[in-house]
Colleague: 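Please read through the structure below; I'll follow up with questions.
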Amino acid sequence: MPRIQPLEPPYSDEVRQALRRWMPPGTPHEPLALFRVLQRSPELASRMFALGAGLLGHGLLPAADRELVIARATARAGCHYEWGVHAATLADRAGLTPEQLAATTVAESRPLWSYRQALLMLAVDELHDTADLSDSTWTALSAHYNDAELLELLVLAGWYRTIAGLANALRLDDEPWAVPFPAA
């Protein structure tokens, strides 16, 4: 049971408009429980929307790289909620296979990844474990990404670590349509 209950319909006009901004047009699902909880603090939700929407809708990283970073960051943080939402809605469209998604949840899965993808997984792992990147990882990433993309990669991994901590601490129930987190 969530520690803070998500808002339920009927929504006020302000909440309905805010939730409409969070959900892509034509989405067949109700607004995410996370978004409905955040609307209990509309100012905070508005500030978070700007960064989250910018990373997803206007980012510099290729969609497959973005979703790989998100899947690994949320998996490493043990956030079944956010991992499952992205696995169900964005990862497939970005080109990640079900096998690759499942592999983001385990320690060693190198054969499934290209060199660049394995490098992204390593970078997320280092950021998760040390809040830093080794010189060797930074140098390797720099061969594939420009400065703006590297900055975005760091922010993306940190943002989804934050989202994972929020969803975990709130004890959000998985969305009924989300992809289940693979069993260990």
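As the structure is a computational prediction, the values presented were derived from the model and not from experiment.
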Colleague: Verify whether one side chain among Arg76 and Tyr160 offers a donor that lies under 3.5 Å from an acceptor in the other.
Modeller: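 Side chains of Arg76 and Tyr160: no pair found under 3.5 Å.
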Colleague: Could you pull out all residues at least two apart from Ala148 that satisfy side-chain contact (heavy atoms from CB on, under 4.5 Å)?
Modeller: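 For Ala148, the residues satisfying side-chain contact (heavy atoms from CB on, under 4.5 Å) (neighbours in sequence not counted) are Leu60, Asn146.
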Colleague: Among all residues two or more places apart in sequence or in another chain, which pass the side-chain contact (heavy atoms from CB on, under 4.5 Å) test with Ala45?
Modeller: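 For Ala45 the side-chain contact (heavy atoms from CB on, under 4.5 Å) partners, ignoring immediate neighbours, are Trp22, Leu38, Gln39.
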Colleague: For Glu175 and His29, does a side-chain donor sit closer than 3.5 Å to a side-chain acceptor?
Modeller: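 No - no donor-acceptor pair under 3.5 Å links their side chains.
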Colleague: Who passes side-chain contact (heavy atoms from CB on, under 4.5 Å) against Val179, sequence neighbours left out?
Modeller: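 Counting only residues at least two positions away or on another chain, Val179 forms a side-chain contact (heavy atoms from CB on, under 4.5 Å) with Trp83, Ala87, Ala88.
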Colleague: Can you tell if the side chain of Thr97 reaches within under 4.5 Å of the side chain of Asp92, non-hydrogen atoms only?
Modeller: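 Sidechains of Asp92 and Thr97: no contact.
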Colleague: Tell me, which pairs form a side-chain hydrogen bond (donor to acceptor under 3.5 Å, both in side chains) where one or both residues lie in residues 40-64, sequence neighbours left out?
Modeller: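 Sorted result for residues 40-64: empty, none.
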Colleague: Do any N or O atoms from the side chain of Tyr81 and from the backbone of Leu34 form a donor-acceptor pair under 3.5 angstrom?
Modeller: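 Indeed, once roles are kept as given, a pair shorter than 3.5 Å links the two residues.
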Colleague: Which heavy atom of Leu133 sits nearest to which heavy atom of Ala123, and what is that distance?
Modeller: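 Here Leu133 and Ala123 meet closest at CD2-O, 3.5 Å.
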Colleague: Applying side-chain contact (heavy atoms from CB on, under 4.5 Å), can you list everything that pairs with Thr139, at least two apart in sequence or on another chain?
Modeller: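 By the side-chain contact (heavy atoms from CB on, under 4.5 Å) rule, Thr139 matches no residue at all.
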Colleague: Using salt bridge (charged side-chain N to carboxylate O under 4.0 Å, His left out) as the criterion, list what pairs up with Arg66, not counting sequence neighbours.
Modeller: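 For Arg66, no residue satisfies salt bridge (charged side-chain N to carboxylate O under 4.0 Å, His left out) once neighbours in sequence are set aside.
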Colleague: Under the criterion salt bridge (charged side-chain N to carboxylate O under 4.0 Å, His left out), I'd like the reasoning laid out for Arg36 against Glu30: C-alpha separation, chi angles, the key distance, then a yes or no.
Modeller: CA-CA 10 Å; Arg36 292 183 289 125; Glu30 286 294 313; 5.9 Å; no
